[in-house]
*Asks:* 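Can you keep this structure in mind? I'll have questions shortly.
What you see is a predicted model, and the numbers here were worked out from it, not measured in a lab. Residue numbers start at 1 and run along the sequence shown. Only heavy atoms go into these numbers, but all of them, side chains included; no hydrogens, no water, no symmetry mates.
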Amino acid sequence: MDFTIFKINIIEITGLAKDALHIYVGVGIYLLCLLVLLPIIKKQSIRSFMALIVVTGVALLGEYLDNRHIIIPRGFFALGMVDIKASLHDLVNTCLLPYVLYALNKWTTLFHPTVLVSGSLKKR
């Protein structure tokens with residue numbers, strides 16, 4: 001099955017816009033990677049970084065598959081500005097939210113577990 005036909009079928013089945021699907025795919029792959037890598041990589045920071053690499057790789061692969069009809073016969077340099085802008089737009093839609101989640105996890109305590117001091121809990 002052709003990748004373009006596959007994407008059109010997904011858009012028709014879900015009823016979502018193409019941009020929304022890119023966002024969902026990016027976040028979905030990021031979260032799925034975090035879950036799959038959980039038993040393999042114990043350190044959260046490494047696991048999150050590996051998930052970012054996977055999301056970015058999948059997004060780049062998707063853009064290659066989108067532009068394959070131009071790249072295969074004529075090469076990368078045959079891509080026009082319209083194609084490049086559309087690909088960059090799709091890459092940002094796919095990768096932005098996973099990168100934001102990674103940054104929030106790395107540089108804030110938003111996703112870190114809270115630790116209760118045992119002395120602050122009074123037994124009755």
*Asks:* Does L31 share a hydrophobic cluster with L52, counting links as ILVMFWY side-chain heavy atoms below 4.5 Å and allowing steps through other members?
*Replies:* yes
*Asks:* Output the distance between atom CD1 (I8) and atom NZ (K18), rounded to the nearest 0.5 Å.
*Replies:* 10.0 Å
*Asks:* Heavy-atom distance under 4.5 Å between the side chains of L16 and I11, does that happen here?
*Replies:* no
*Asks:* CD1/I40 to SG/C33 distance, rounded to the nearest 0.5 angstrom?
*Replies:* 10.0 Å
*Asks:* Within the structure provided, determine whether I23 and T94 are in side-chain contact (heavy-atom separation under 4.5 Å).
*Replies:* no
*Asks:* I need the single residue from V27, V55, V92 that forms a side chain to side chain contact (heavy atoms under 4.5 Å, CB included) with L97. Which is it?
*Replies:* V27
*Asks:* Can a salt bridge be assigned to the pair R68 and D2 using a cut-off of 4.0 Å between side-chain N and carboxylate O?
*Replies:* yes
*Asks:* Which residue pairs satisfy the salt bridge (charged side-chain N to carboxylate O under 4.0 Å, His left out) criterion with at least one member in residues 54-65, sequence neighbours excluded?
*Replies:* none
*Asks:* Taking D83 for the side chain and G80 for the main chain, is one N or O donor matched with an acceptor at less than 3.5 Å?
*Replies:* yes
*Asks:* Is it the case that one hydrophobic cluster holds both L35 and I41, taking links as side-chain heavy atoms less than 4.5 Å apart, direct or via other members?
*Replies:* no
*Asks:* Nearest 0.5 Å please: distance from the CD1 atom of I13 over to the CG atom of L21.
*Replies:* 10.5 Å
*Asks:* Rounded to the nearest 0.5 Å, how far does CG of N105 lie from CZ of F49?
*Replies:* 14.0 Å
*Asks:* Could you tell me if Y99 and T56 have a donor-acceptor pair between their side chains, going purely by distance under 3.5 Å?
*Replies:* yes
*Asks:* Is the shortest heavy-atom distance from the side chain of L60 to the side chain of L91 under 4.5 Å?
*Replies:* yes
*Asks:* Under a 4.5 Å cut-off applied to non-hydrogen side-chain atoms, are K85 and H89 in contact?
*Replies:* no
*Asks:* Linking I/L/V/M/F/W/Y whenever their side-chain heavy atoms sit closer than 4.5 Å, directly or via other members, would F76 and I70 fall into one cluster?
*Replies:* yes
*Asks:* Would you please name every residue forming a salt bridge (Lys or Arg N to Asp or Glu O under 4.0 Å) with K7, sequence neighbours left out?
*Replies:* D66
*Asks:* Hey, any chance V100 and I53 share a hydrophobic cluster, counting ILVMFWY side chains that come within less than 4.5 Å of each other, even indirectly?
*Replies:* yes
*Asks:* Check the side chains of D19 and N93 for a donor-acceptor pair under 3.5 angstrom, ignoring hydrogens and angles.
*Replies:* yes
*Asks:* Indicate yes or no: at least one non-hydrogen side-chain atom of I72 is less than 4.5 angstrom from one of Y64.
*Replies:* yes
*Asks:* Decide whether V36 and L101 are clustered together by the hydrophobic rule: side chain heavy atoms of Ile, Leu, Val, Met, Phe, Trp, Tyr closer than 4.5 Å, transitively.
*Replies:* no
*Asks:* Could you measure the distance from the CD1 atom of I71 to the CG atom of L79? Nearest 0.5 Å is fine.
*Replies:* 5.0 Å
*Asks:* Heavy atoms only: give me the nearest F3-G62 pair and the separation to one decimal.
*Replies:* CE2-O, 3.7 Å
*Asks:* Which heavy atom of S45 sits nearest a heavy atom of Y102, and at what distance?
*Replies:* O-CE1, 4.2 Å
